[in-house]
Each structure stands twice: as structure tokens, then as C-alpha cells.
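For clarity, every value in this text was computed on a predicted model and none was experimentally measured. Hydrogens, waters and symmetry mates are skipped; everything else that's a heavy atom, side chains included, is used.
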Amino acid sequence: MEKKITEKLVKISVLEGISLIILLFFAMPLKYIAGYKIATLIAGSIHGVLWLLFLYILNEARIKNFLSKKDIIKMIILSVIPFGFIPMKKSIRR
């Protein structure tokens, strides 16, 4: 895979993965336990933008034939699993 797209994909997958962890393990408890609805609004919006950016970069890699359909499906599944960015990062760098 071209180094530029690889690095973009690694960076955005890590950022998106961290934003998912923040959303699930910090913002959601703040909303439902402490009543701070704004926490999920902010974290959810940031996560949503990062996820869309991840999909855009993943599509860039698909268009340039750097990833197979199997790899793309695997990465989309890993992107919605907490800590899924760790195995994704390893498979991107291979």
C-alpha cells in the first residue's frame, strides 16, 4: 500500500478508535449516571466526524486498489468495536 495512504489510514483509525472509547466509557456514563447530556453530544459529534473521515480514507484506498474487499469489510467491522483499532493498525501496516 502506498505509504501516504497507509499513514493516513493508521492515524485516522487510531483517532477514531480513541474517540469511540471516550464516547463509550466516559461520555455515556456521564450522560446516564451523572445526567450530563452534553457529554454525548460533544463526544458523539466528534466521533461521528472522525468515523466519516475514516470511511472516506478507506474509500480512497479502495479506489486506488490498495485494499481488497475482505480487508475493507474487516476494517469497517473493527472500527465499531472498542479497541478494534489495535488489530486494525497492525493489519494496515503489513
Side-chain angles (χ1 to χ4, degrees):
M1 190 184 308
E2 187 178 295
K3 186 173 176 115
K4 186 176 178 183
I5 290 181
T6 303
E7 289 307 311
K8 275 187 190 179
L9 203 50
V10 168
K11 286 177 186 175
I12 194 63
S13 68
V14 170
L15 287 173
E16 187 273 332
I18 292 170
S19 74
L20 177 62
I21 291 168
I22 290 170
L23 177 64
L24 294 177
F25 297 110
F26 295 102
M28 296 294 280
L30 280 173
K31 178 180 180 178
Y32 291 107
I33 295 171
Y36 292 111
K37 292 181 182 181
I38 191 77
T40 54
L41 179 67
I42 294 168
S45 298
I46 292 169
H47 172 69
V49 169
L50 288 172
W51 196 69
L52 290 174
L53 189 57
F54 167 74
L55 290 177
Y56 176 78
I57 294 170
L58 197 59
N59 189 48
E60 255 184 51
R62 183 193 62 81
I63 289 170
K64 294 181 180 179
N65 293 320
F66 291 124
L67 293 173
S68 67
K69 286 183 182 183
K70 181 181 174 183
D71 289 334
I72 291 171
I73 292 169
K74 178 181 170 186
M75 288 182 191
I76 290 172
I77 291 169
L78 286 172
S79 76
V80 297
I81 299 172
F83 300 100
F85 69 93
I86 296 169
M88 185 188 319
K89 186 171 130 179
K90 290 177 184 176
S91 81
I92 292 170
R93 289 208 165 134
R94 279 189 223 148

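Note that CD1 of Ile73 is 11.5 Å distant from CG of Leu67, once rounded to the nearest 0.5 Å. Here the straight-line distance linking atom CG of Leu20 with atom CZ of Phe85 works out to 9.0 Å at 0.5 Å rounding. The CG atom of Leu9 sits 10.0 Å away from the CG atom of Asp71 when rounded to the nearest 0.5 Å. Ile5 CD1 to Lys64 NZ: the interatomic distance, rounded to the nearest 0.5 Å, is 4.0 Å. Put simply, CG on Leu50 and CD1 on Ile18 are 10.0 Å apart, with the number rounded to the nearest 0.5 Å.
The side-chain hydrogen bond (donor to acceptor under 3.5 Å, both in side chains) pairs that include a residue from residues 45-59 are Ser19-His47, Trp51-Ser79, Asn59-Arg62, where partners are two or more places apart or lie in different chains. Sequence neighbours left out, not one pair with a member in residues 15-44 passes salt bridge (Lys or Arg N to Asp or Glu O under 4.0 Å).
In the hydrophobic clustering of ILVMFWY residues, with side-chain heavy atoms under 4.5 Å counting as a link, Phe25 and Leu23 come out apart. Hydrophobic clustering, with ILVMFWY side chains joined whenever heavy atoms are under 4.5 angstrom apart, keeps Met75 apart from Val49. Phe66 and Ile63 fall into different hydrophobic clusters, where Ile, Leu, Val, Met, Phe, Trp and Tyr residues are linked whenever their side-chain heavy atoms come under 4.5 Å apart, directly or through other members.
Residues Lys74 and Pro87 are not in side-chain contact: their nearest non-hydrogen atoms beyond the backbone lie 4.5 Å or more apart. By the 4.5 Å heavy-atom criterion applied to side chains, Ile57 and Lys11 are not counted as neighbours. Residues Leu55 and Ile76 form a side-chain contact, since some pair of their non-hydrogen atoms from C-beta on lies under 4.5 Å apart. A heavy-atom distance below 4.5 Å is found between the side chains of Pro29 and Ile33.
The two residues Ala27 and Thr40 have their closest heavy-atom pair at O-CG2, 3.5 Å.
Under a 4.5 Å side-chain heavy-atom criterion applied to ILVMFWY residues, the cluster that includes Tyr36 comprises Leu30 as well.
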* Starting from the C-alpha separation in whole Å, work towards a yes-or-no answer on side chain to side chain contact (heavy atoms under 4.5 Å, CB included) for Leu53 and Leu15. => CA-CA 10 Å; Leu53 189 57; Leu15 287 173; over 6 Å; no
